[in-house]
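Quick notes on the structure that follows.
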Amino acid sequence: MDPEAELTTRETRWELWAGPPDFPFWYATASTNTPTVLLKAVTECISDPAPLPRWREDTFSYGEGKAN
């Protein structure tokens with residue numbers, strides 16, 4: 001895969017999604033040249049089951065009305 005094409009088209013090497021399949025709340029993409037250590041760190045952070053404290057009034061979500 002051409003790393004430049006991975007960044008400028010929908011032909012990505014790595015995709016991370018969160019949320020229901022019909023409307024993911026969050027996603028990230030990375031190319032072949034993304035350092036493995038970075039992919040590992042991101043994957044570990046987003047899969048950590050520990051709660052992340054957030055102040056509701058400081059958090060905007062386009063998923064408003066979805067189950068918390």
### Query
Distance from Trp17 atom CH2 to Thr29 atom OG1, nearest 0.5 Å?
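Result: 9.0 Å between the selected atoms.
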
### Query
Can you tell me how far CG of Leu16 sits from SG of Cys45, rounded to the nearest 0.5 angstrom?
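One finds 11.5 Å between SG of Cys45 and CG of Leu16.
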
Can I get a per-line list of side-chain donor-acceptor pairs under 3.5 Å for residues 33-41, giving both atom names and the distance, sequence neighbours left out?
unit_1: Thr34; atom_1: OG1; unit_2: Ser31; atom_2: N; d: 3.1
unit_1: Thr34; atom_1: OG1; unit_2: Ser31; atom_2: O; d: 3.1
unit_1: Lys40; atom_1: NZ; unit_2: Glu44; atom_2: OE2; d: 3.4

### Query
What pairs meet the salt bridge (Lys or Arg N to Asp or Glu O under 4.0 Å) rule with one or both residues in residues 25-35, with sequence neighbours excluded?
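Qualifying pairs, neighbours excluded: none.
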
